[in-house]
Each structure stands twice: as structure tokens, then as C-alpha cells.
Amino acid sequence: MNNKKFGIREVVAMGIGTALFVVLTNVQIPIGIPNTYLQPRMAVMGFLAAIFGPVVGAVIGLVGHALGDALFYGSVWWSWVIPELFVGLAIGLFAKKYKVREGGFDVKAGVLFNVMQVIGNAVAWIIAAPVLDIVLMGEPADKVFVQGIYAFLGDIIIVGILGTILLIAYSKVSGSAGSLKKED
Amino acid sequence: MNRMISYEAKDTPVHRLSGFTKLVFFLLWCLTSALTYDTRVLLVMLVLGIVIYAVSRTEWKQVSGVLKAVMLFMVLNLAFIFIFSPYEGVKIYGSRTVLATLPGGVAVTAEQLFYEFNVMLKYFTVIPAVFIFLVTTDPSEFAASLDGVGVPYPFAYSVAIALRYIPDVQDDYRRIRDAQQARGIDMSAKAPFLERIRRVTSIIFPLLFSAMEHIEVVSNAMELRGFGKHKKRTWYARKPLKRADIAVILGTVIFAAAALVITWADGERFWNPFLTRLP
Amino acid sequence: MEPIIEFRNYGFQYTAQAEPTLSDIDLRIFPGEKVLIVGPSGCGKSTLAHCINALNPCSRPGTSTGSLTVGGLTPEEAGVFGMSKIVGTVLQDTDGQFIGLTVAEDLAFALENDMVRQEEMHARVDEISGLVGMRDFLRRAPGELSGGQKQRVSMGGVLVDDVKILLFDEPLANLDPATGKDAIALIDEIGREQDKTVIIIEHRLEDALYRSVDRIVVMGDGRIRADGPPDEILCSDVLSREGIREPLYLTALKYAGCRVRPEDHPASVTTLEIAPYKDAIAGRYGGADPRVPETGGEEILRVEDLTYAYRPGEPVLKHVDLSVRRGEMVALVGKNGAGKSTLSSLICGFIKPAEGRILLSGEDMAGLTVKERGERIGLVMQSPNQMISKPMIREEVGLGLAARGVPEEEASRAVEDALRICGLYPFRNWPVGALSFGQKKRVSIASILAIRPDLLILDEPTAGQDYRHYTEIMEFLKDLNEKTGLTILMITHDMHLMLEYTDRAIVLADGECIADTTPARVLTDPEVCAKACLKETSLYPLALACGIEPPDLFVERFIALERGVRAAQADKGGAA
């Protein structure tokens with residue numbers, strides 16, 4: 001890809017990705033524990049990070065979370081917004097290796113994607129968010145670490161399942177016809 | 001989906017301020033509110049917030065839906081703090097005034113209640129700031145304001161794109177959800193976990209697919225009209241700073257500085273009313 | 001005079017493709033000329049346009065041969081930004097290229113990027129908005145504008161740059177017929193008043209010719225097949241050879257056995273010298289009996305007194321009554337925002353009526369859920385990309401059955417039947433991505449057919465399709481209707497579609513049903529056409545000019561002939 005072009009496409013991907021993230025704020029999957037939901041928007045962010053790279057992923061998470069909080073909840077929890085960027089960064093770091101648009105998202109790429117998303121989510125929710133909550137917001141440590149671990153588990157599940165499904169599907173769809181044969 | 005806060009054009013002193021001013025206010029306000037645990041400062045901020053809210057003539061119906069959502073969240077959060085850390089207040093304020101003992105042996109202390117009262121105050125100081133910012137700031141000014149506070153303009157512009165396409169994406173989402181529901185994929189019905197993920201996928205995949213196509217078109221259109229040509233760009237919708245803006249910005253900076261100085265005057269983040277009662 | 005655009009022995013090949021997309025292009029366009037470039041999808045006309053504005057190869061990599069100069073520059077070297085000062089490109093996606101949050105900001109977008117000072121920008125936006133007739137809408141968001149208004153803004157957005165060339169990539173694709181007419185008129189006006197060179201790329205030839213052009217360039221398979229004045233091109237057979245639909249009035253003349261000559265000015269039905277052909281036409285279309293619309297079959301859908309409002313006091317539908325009989329193929333037409341989509345949403349149960357009832361085979365549907373209705377009414381959305389959610393064709397077609405818990409064996413049989421009907425059986429194990437747009441469309445139809453609905457509702461089934469794909473999809477639907485007796489309701493603003501493929505047109509305007517009769521009658525009724533933003537068929541003035549009364553009978557007879565010709569072609573061409 002031409003470098004200059006890549007810049008604009010990145011900007012647009014950040015914008016439209018953020019719009020998706022915000023719209024999906026209200027789409028949640030209950031898992032049977034009261035008030036605990038999986039957030040499909042995290043999988044969408046992971047998907048876009050895997051295609052457009054770390055900066056796009058980080059910005060979608062950061063801006064999408066801040067805007068989504070503000071627009072739907074009238075409040076911004078900065079200590080949970082800022083860590084969001086680690087998830088996008090980690091996933092997007094190896095965007096070139098996933099080869100999603102070239103139809104090359106195979107088992108190896110899938111494993112790498114999931115390793116990175118687990119690392120990113122761990123840094124974000126087990127380390128960054130609780131620490132920010134304690135330092136910035138003065139919240140009790142026990143509570144924020146428990147919350148962090150819940151968020152971590154929820155996110156690795158949804159990104160792991162939905163994110164991987166989306167990437168496999170998109171990779172299949174954008175791959176070429178190649179060796180396909182008509183059958184009778 | 002309907003209870004999203006949105007901008008409403010009005011002519012009030014708050015609306016007339018530049019988006020830049022309001023963004024600076026909003027960010028400093030959030031920072032101050034996060035850092036201070038000085039009850040006096042928080043109370044002053046709360047009162048100020050309510051006054052500005054009134055000046056902005058924001059109507060109740062614009063924000064009531066969202067307010068309910070945030071209240072629910074707040075109550076839960078306060079409950080969690082109590083469940084996980086019932087003696088946090090005791091730790092912070094260094095005293096223990098037991099008011100009652102719950103079944104199970106957990107004591108309800110005045111310190112804990114006071115600590116949680118402060119946590120609640122912090123939320124309440126931020127909420128009016130968010131409402132005021134979103135309801136009185138023309139989204140068109142948003143990107144220019146971000147550019148103004150030092151965010152590189154391609155990033156600032158990506159926020160403008162997000163605001164531009166949120167309604168489109170929302171429409172797309174509704175249309176796709178409806179059509180998939182007609183095909184038999186019922187989002188609201190109870191189902192095992194994996195089945196739920198499958199249903200969500202059947203909506204998100206077409207949504208993402210359309211979004212990917214959209215990204216191509218929009219980036220072509222932007223390139224054709226010279227986006228990213230220069231290191232800087234100007235903004236049609238930027239509101240130039242007036243005297244009132246400068247005054248508000250200065251006022252906010254002074255207020256934030258004063259608030260933090262008062263907070264840490266005793267070398268402590270927390271204002272401790274329990275201390276004064278002890279000999 | 002020096003040409004402003006000159007292709008010399010030019011060729012272009014995308015890096016990702018094995019074959020060149022353009023070859024042997026020799027084309028000269030002179031300042032102030034207005035040129036229409038026509039050709040079927042995939043003929044390379046968009047590639048040609050994007051070579052002019054330098055998106056090729058600067059944005060999509062590729063290599064060129066020969067030479068191309070535009071306004072004295074070589075696009076490849078000047079880059080997209082360099083060319084944007086000379087060529088203003090208006091893309092076909094009116095939503096995608098509306099970048100600003102409001103009309104004013106979108107108009108100012110190029111100026112902002114050029115770091116123009118704010119006061120200057122405000123003055124320029126004011127001026128340009130007047131030029132494209134959008135001055136009263138400066139504060140509006142794109143969501144509050146019609147497709148035609150958005151296109152005006154796009155035009156203004158490139159005019160702020162004082163470009164020399166205006167390049168329109170399929171300007172009619174997303175507009176209803178009347179708005180399309182306005183767009184062509186505006187392009188014509190601006191081109192002349194501002195002294196621009198205008199290039200219009202379209203496959204809807206008749207609509208594009210609503211205002212005269214200097215030249216038509218016909219493309220096919222990456223080459224220029226013909227290049228000449230409209231009168232000559234229209235008299236040659238190059239159009240039909242390249243799969244471009246000629247204007248309807250010319251087809252009518254052909255069926256009457258006339259050989260139209262360039263000197264009779266066939267470029268427009270209003271300039272056409274009719275005298276030499278009058279007798280032949282009167283002879284061919286004068287006698288035969290009109291087609292009697294079939295009214296048999298039980299009533300399958302009945303809408304009674306339906307009223308709906310998104311906001312109190314602003315009803316989108318007002319006391320609408322209509323009925324559809326089993327086996328019918330009906331068109332639901334009207335301008336954008338007339339309530340067509342609202343009506344289909346009400347029928348499918350996405351929203352609930354304020355007043356009135358909807359009956360399916362006599363049963364009130366009020367108590368049925370969306371899912372339950374979905375078993376009997378199938379909705380196919382405009383773009384297959386809005387529906388396809390599985391990567392593999394078989395899974396996609398089976399989605400609705402799987403969601404309903406239909407036993408595997410039964411589901412598998414239903415899926416295979418649907419695939420066979422849609423001609424997709426050989427591809428059943430392919431990924432959706434390997435299919436063409438038309439095939440994807442058939443996948444989305446198959447996925448609905450697998451549920452075996454009684455009534456199929458299609459939203460704009462042929463939007464954005466060229467003539468060949470349009471014919472392919474419509475012939476397929478007609479076949480489906482004839483062979484399986486499936487009732488089909490199509491929401492459309494394609495005049496040809498309703499004329500050629502439906503028995504009846506229900507016309508909505510401002511939330512009311514203003515006509516419910518044969519398409520021929522609708523399209524020869526100037527009053528109904530004006531109210532519903534339809535464009536009366538060019539057969540109407542032809543009928544008047546030849547003195548055939550009533551005009552709708554003429555249209556009926558023409559359509560009967562047209563259907564016969566098509567059927568013969570379809571038989572020759574086999575199932576494909």
C-alpha cells in the first residue's frame with residue numbers, strides 16, 4: 001500500500017470504527033451473572049485493530065469508550081477509558097502478520113491474535129485500570145482488582161470467540177476464488 | 001438507543017462559548033474531580049456544576065434517560081465498594097466509628113459511609129460537566145477544539161468522522177437487525193451462551209462488512225478533496241475565542257489550581273472531618 | 001485548440017490483476033466539451049475516470065502504458081492532490097462522500113485542507129451554496145437531506161476549488177427518476193455557466209441524455225468501442241452489442257421496423273423528427289388488444305386504513321389501503337421518503353401501526369412476532385452485503401432454517417432446493433466472497449426462499465446494476481414468479497423495471513396511495529408522475545407525437561412485444 005494513502009484510510013478507519021464502537025455500546029450479551037455482560041464492541045475493535053494496526057485499534061478503543069460513556073451514561077470513567085488503548089495496541093502490533101484481507105488468516109494467525117489479545121486485555125484490565133482507579137480515583141484496591149479480573153475474563157472471551165469468528169469469516173470472504181470448482 | 005445525549009442549538013452564555021473553552025473546562029473539571037477527595041471542594045464543584053447546568057437551560061428530558069442509567073451504575077458501584085472493601089473508610093481516615101453491625105459481622109462505620117459519600121459526590125460533579133459539554137457544544141466544533149488543545153488534526157478529524165457516521169451506523173444496525181430478525185434470528189429470546197454469540201455475529205458481520213466498504217469510499221472521497229495535504233488545516237466551524245472565553249479558561253485554571261492546593265494543603269488527598277473531633 | 005484531456009495509446013493494469021483493465025485507449029476531450037462515457041459494469045469506465053483524477057495508480061497501485069495528459073499535467077506525477085485542483089470528482093455514493101457534519105462544512109472541506117482563512121471560507125461557501133441551490137440548508141446534517149440534495153452538496157464540494165473538469169461517476173445511481181432528471185439538468189447548467197469540461201460516466205443512457213451532450217464514448221472490455229455525436233451513436237448497433245440499454249423510444253421504433261437516421265436527431269425524444277416513422281409506428285402499435293391484467297388468485301396481503309407516524313403529528317403513511325393477490329408481481333413506487341420503506345417495515349412487523357390492520361391470507365397479523373411473520377413474508381434488502389453474515393454460501397442460505405431449529409435433513413433439502421432455484425447449486429460449497437454482486441444478490445434471495453415464504457418483498461432489487469445484471473436478476477425473479485407462483489412485491493423507483501416486469505404499480509406520494517393500476521397507465525399520467533417524482537416514460541411523448549390514443553395502450557403493446565423478444569432471447573441464452 002502506498003504510504004500517503006494509508007494515512008487517510010487509517011484516519012477514516014479510526015472514525016468509522018469509533019462510530020461502530022459507540023453504536024455497539026448498547027449491544028451486550030448477558031452471561032447469567034447479574035449486571036455482567038460481554039461487550040461485542042470489544043471484538044469489533046479487535047477486528048479493526050487486526051486489520052488497520054495498533055494506532056487505529058488504540059484510538060477506536062480510547063475515543064469510542066469515552067464517547068460511548070459520555071453519550072449513553074453521561075459520565076466518563078477515565079480510569080477505564082485509558083487502559084482501552086493497550087488492547088488495541090497489543091492486537092494491532094502484528095496486523096501485518098494476520099493477513100486478513102489477503103485471505104491468509106489461518107490457525108497460526110488466529111493463535112497469534114489470541115495471544116496478543118490476552119496480553120493486551122491483561123495489561124489493560126488487570127494492571128492499568130485498577131492502578132488508575134486507585135491512584136486517580138482513590139477507589140479501594142480489593143474492589144477494583146476484582147472488577148478488573150471480571151472485565152479481563154469477559155473481554156478475552158468475547159474477543160477470543162467473536163473476534164476470531166469475524167476475522168476468519170472476513171478473511172474467507174475477501175480471499176480470491178482461487179482453486180474453486182463448480183460441483184454438480 | 002434513543003436515550004443518547006445530543007446537542008441542541010440555543011442561545012445562552014454557555015452555548016456562545018467556543019468549543020475549545022468548553023473542552024478545556026471539561027477536561028480540567030474531570031481531572032480536578034478525579035484527584036480531589038476534599039469534600040468541601042467537591043461540594044463547591046457540585047453547586048457550580050448545577051448552576052452552570054441551569055444557565056445552559058438544558059431541559060430535563062434531554063438528559064433524564066441517561067441520568068437513570070448512570071444512577072443505576074453508581075448505586076451498584078457503591079454497593080461493590082462496600083462489599084469488597086467495607087473498611088476502606090476506616091483505613092483512610094484512621095478512625096473507626098461503628099454505627100451498626102450487619103448480620104455476618106460486618107460493621108457499618110461512619111468513616112465508610114463518609115468515604116462512599118465522597119465517591120458519590122465525585123460522580124455527581126462529573127455528570128453535569130458531561131451533560132453541559134455534550135448538550136451545548138456543536139459537534140461541528142468538536143474536532144476544531146481537539147485540534148486547539150494540541151491533538152494532531154488527523155486524529156481530531158477522525159472524531160468528527162465518528163460523530164458524522166454514528167447516525168448512519170445506527171440506521172444500518174437497526175435495518176440489519178430487523179432483517180435478520182425476520183429471518184428468524186431473535187436477539188431478545190433466551191438462548192444458551194454460544195447461540196447468543198452466533199446471533200450477535202449475524203448482525204455484526206454484515207455491519208462490519210458494510211463499514212469496511214464505507215471506509216474505502218470515504219477515504220477516496222477525502223483524498224480527492226485534499227485531506228492531509230498540509231501539516232495543518234483550518235476549520236470552517238471553529239469559533240474564535242472572545243473575551244468571555246478567555247475569562248472562563250482563566251477562571252477554570254485558577255479554580256482547578258486552587259482546588260488542588262486546598263486539597264493537599266494538609267498533605268493529604270482526603271479531607272478528614274473525623275480528625276478534628278479527636279483530641 | 002489543445003485537448004484538455006488526451007489519452008494516447010493508453011493502457012492500465014492493476015497490480016492485483018492478471019490482465020490489463022484498459023488497453024489501446026485513444027481519446028481527446030477538448031475544453032468546454034460535455035462527454036458521456038457509457039459501458040457495462042466491468043468495462044473499465046470507472047478505471048478510466050480514476051486514471052484522470054490519479055486515484056489510479058496513486059491510491060490503487062497499477063502500471064500504465066502509453067501517455068495521458070490532463071490539463072497539461074501527467075496525473076501519475078501530479079498525484080491525487082495535484083489533480084484535485086484541475087479535476088473535480090463526484091463519486092456515486094452520495095452518503096460516502098458527504099464527509100462534513102453539516103452542508104456548510106462539507107462544502108468547505110477542500111478549503112479547510114488548503115488552510116484557507118475562515119472569513120474567506122465563509123464567503124466562498126456562501127457563494128457556492130447559492131450556485132448549487134443549497135444556501136437555505138447550510139446548517140443541515142446529511143441525515144436531514146434527500147439523495148438529490150446530498151448530490152448537490154457533493155457537486156458544490158468540488159466546485160469550491162474552481163476546477164476545470166467536472167467528472168461524474170454514475171451520478172444517477174442513487175437517485176429517484178425525477179431527482180435524476182434534476183441532477184442532469186444541474187450538471188448541464190453548471191457546466192455551461194461556469195464553462196467547465198464535463199465528463200459523465202453512466203450506464204443509464206436514456207436518463208443521462210435528458211440534457212444534450214456533445215459526444216458519447218462507448219466502452220467495452222477495456223477498450224473504446226465508439227466515439228461520436230449522440231445522434232450517430234444512437235443509430236449504430238454498438239450500444240446493443242456492448243449491452244447498454246438504448247432509449248426506450250428507439251427500441252419502440254426498432255420494433256416497428258424503422259431504421260433511425262442520425263439526421264432525424266434521435267438523441268432525445270423531443271428533438272426526434274417523427275414524421276418519417278409515424279406510419280410504421282401507427283401500423284405496428286395501432287391495432288392489437290391491450291393486455292388484460294390478471295386478477296385471479298386469492299388475496300394474499302391486505303392492508304387496511306394503515307397510518308403511521310415516527311413523530312406525533314407527522315404521519316408518514318395516511319390511511320393506506322392496498323391488496324396483493326397470490327401469484328402477482330407488483331411494484332410499490334414513489335419518491336424517496338414517500339413511505340415505501342415504512343410500509344414494508346410495517347408489513348414485516350418491525351414497527352407497529354398507529355391505526356389500521358394488515359392481513360395475510362385473511363388473518364390479522366397484529367399478534368404475530370417479527371420472526372413468525374418472517375416465515376410467511378420474506379424481505380430481501382437492497383444490498384446483499386446487509387444480509388450476508390456467513391462466509392460460506394450453504395451456511396448463509398441455511399441460516400434462517402437453523403435459527404428456527406428445523407431438523408437438519410429437512411433444512412438441508414430446503415437449502416438445496418433454494419440453491420437450485422437460484423442457479424447457485426454448483427457453487428454451494430464456495431465462500432460468498434468468490435461471487436459476483438449479482439450472484440450475491442441471488443444468495444440473499446435464496447436465503448429467504450429457503451424459509452418458503454408466501455410473499456417476497458424486495459427492496460430495490462436492481463439498484464446500481466447495469467443492464468445485463470438488471471436483466472439477469474429480473475428474468476430470474478420473473479421465472480421464479482411464473483414457475484413457483486411466488487407472490488412478489490418490489491419496492492423500486494426503476495421505471496423500466498415496473499413497466500417490463502410487473503402487472504401492477506401501487507404509487508405512494510406523501511404517505512398516500514395515489515394510484516393503483518397498470519404501470520403503463522401510471523407512467524403515461526403526467527399528474528401522478530409529478531406527484532410521485534416518477535419520470536414519465538419516453539414512450540409517452542412518442543405516442544402523443546404519433547397520435548396514438550390512449551397512450552397507455554401504446555405502452556402496453558410495446559411492453560408485450562418487449563416481453564416476447566426477451567423471452568426468445570432467454571430461451572436462446574439457456575438458463576444462464
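Per chain, numbering begins at 1; letters A, B, ... match sequence-line order.
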Looking at B/R174 and B/D171, is any side-chain nitrogen of the basic one under 4.0 Å from a carboxylate oxygen of the acidic one? yes

Contacting moiety of B/Y87, where chain A heavy atoms sit under 4.5 Å: neither

Does A/R9 pair with B/E216 as a salt bridge, N-O distance under 4.0 Å? yes

Please classify the contact of A/V135 with chain B as side chain, backbone, both or neither, using a heavy-atom distance under 4.5 Å. backbone

Check each atom of B/Y115 against the heavy atoms of chain A and say whether the ones under 4.5 Å are side chain, backbone, both or neither. side chain

Under 3.5 Å, side chain of B/T136 to main-chain N/O of B/I132, donor-acceptor pair present? yes

Can you tell me which portion of A/F47 sits under 4.5 Å from chain B's heavy atoms? Options are side chain, backbone, both or neither. side chain

Flag the pair B/F133 / B/F142 as yes when their ring centroid distance falls below 6.0 Å, and as no otherwise. yes

Looking at chain B, which one of A/I161, A/T18, A/L67 has the largest number of heavy-atom pairs inside 4.5 Å, strictly under? A/I161

Exercise: do A/R41 and A/T25 side chains pair donor with acceptor under 3.5 Å: yes

Backbone of A/L38 reached by a side-chain donor or acceptor of A/Q28 within 3.5 Å: no

Determine whether the side chains of B/Y123 and B/N77 contain a donor N or O and an acceptor N or O closer than 3.5 Å. yes

Tell me if the NZ atom of A/K99 is crowded by more than 12 foreign heavy atoms within 6.0 Å. no

List in chain and number order the residues that pass side chain to side chain donor-acceptor pair (under 3.5 Å) with B/E213, two or more places apart in sequence or in another chain; answer none if no residue qualifies. C/N385

If one checks every heavy atom of A/I60 against chain B at 4.5 Å, the contacting part turns out to be neither

Looking at B/S85 and B/I81, would you say the former's side chain and the latter's main chain have a donor-acceptor pair under 3.5 Å? no

Donor-acceptor contact below 3.5 Å, side chain A/E10 vs main chain A/V56: no

At a 4.5 Å cut-off on heavy atoms, which part of B/Y37 comes close to chain A: side chain, backbone, both, or neither? side chain

Which one, B/I161, B/L31, B/V119, leads in non-hydrogen pairs under 4.5 Å with chain A? B/I161

A/L167 versus chain B, the contacting section by heavy-atom distance below 4.5 Å: neither

A/Q147 versus chain B, heavy atoms under 4.5 Å apart: side chain, backbone, both or neither? side chain

Atom group of A/L20 that falls short of 4.5 Å from chain B, counting heavy atoms: both

Roughly how far, to the nearest 0.5 Å, is CZ of B/R199 from CG of B/D186? 6.0 Å

Report which part of A/I16 has an atom under 4.5 Å of a heavy atom belonging to chain B: side chain, backbone, both, or neither. both

Can you tell which of B/V41, B/L42, B/D38, B/N118 makes a side chain to side chain contact (heavy atoms under 4.5 Å, CB included) with B/W271? B/D38

Measure distances from A/I29 to the heavy atoms of chain B and classify the residue's part below 4.5 Å as side chain, backbone, both or neither. side chain

Determine whether more than 12 heavy atoms belonging to other residues, nucleotides or ligands lie under 6.0 Å from atom CZ of A/F152. yes

What parts of residues 105-134 of chain A touch chain B if we use heavy atoms and a cut-off under 4.5 Å? A/I134

Just by distance, no angles: are the side chains of B/S140 and B/D138 close enough, under 3.5 Å, to form a donor-acceptor pair? yes

Can you tell me which portion of B/R198 sits under 4.5 Å from chain A's heavy atoms? Options are side chain, backbone, both or neither. neither

Highest number of heavy-atom pairs under 4.5 Å with chain A: which of B/F205, B/Y165, B/F131, B/F193? B/F205

Is it true that a side-chain atom of B/S158 and a backbone atom of B/F155 form a donor plus acceptor pair closer than 3.5 Å? yes

Answer key: most heavy-atom pairs under 4.5 Å with chain A among B/T201, B/V126, B/I215 is B/I215

Assess the pair B/F73 and A/W77: is the distance between their ring centroids shorter than 6.0 Å? yes

Does any backbone or side-chain atom of B/L27 lie under 4.5 Å from a heavy atom of chain A? Answer side chain, backbone, both or neither. side chain

Top residue by heavy-atom pair count (under 4.5 Å) with chain A, among B/L67, B/I166, B/I127? B/I166

Can you tell me which portion of B/L134 sits under 4.5 Å from chain A's heavy atoms? Options are side chain, backbone, both or neither. side chain

Pick whichever of B/K122, B/K68, B/R164 has the most heavy-atom pairs under 4.5 Å with chain A. B/K122

Is the NZ or CZ atom of B/R233 both under 6.0 Å from the centre of the six-membered ring of B/F227 and within 45° of that ring's axis? no

Looking only at heavy atoms and a cut-off of under 4.5 Å, which of A/A70, A/G74, A/S75 has the most pairs with chain B? A/G74

Please classify the contact between B/V218 and chain A as side chain, backbone, both or neither, with a heavy-atom cut-off of under 4.5 Å. both

At a 4.5 Å cut-off on heavy atoms, which part of A/V76 comes close to chain B: side chain, backbone, both, or neither? both

Max heavy-atom pair count under 4.5 Å with chain B, selected residue of A/A43, A/G17, A/G64, A/A169: A/A169

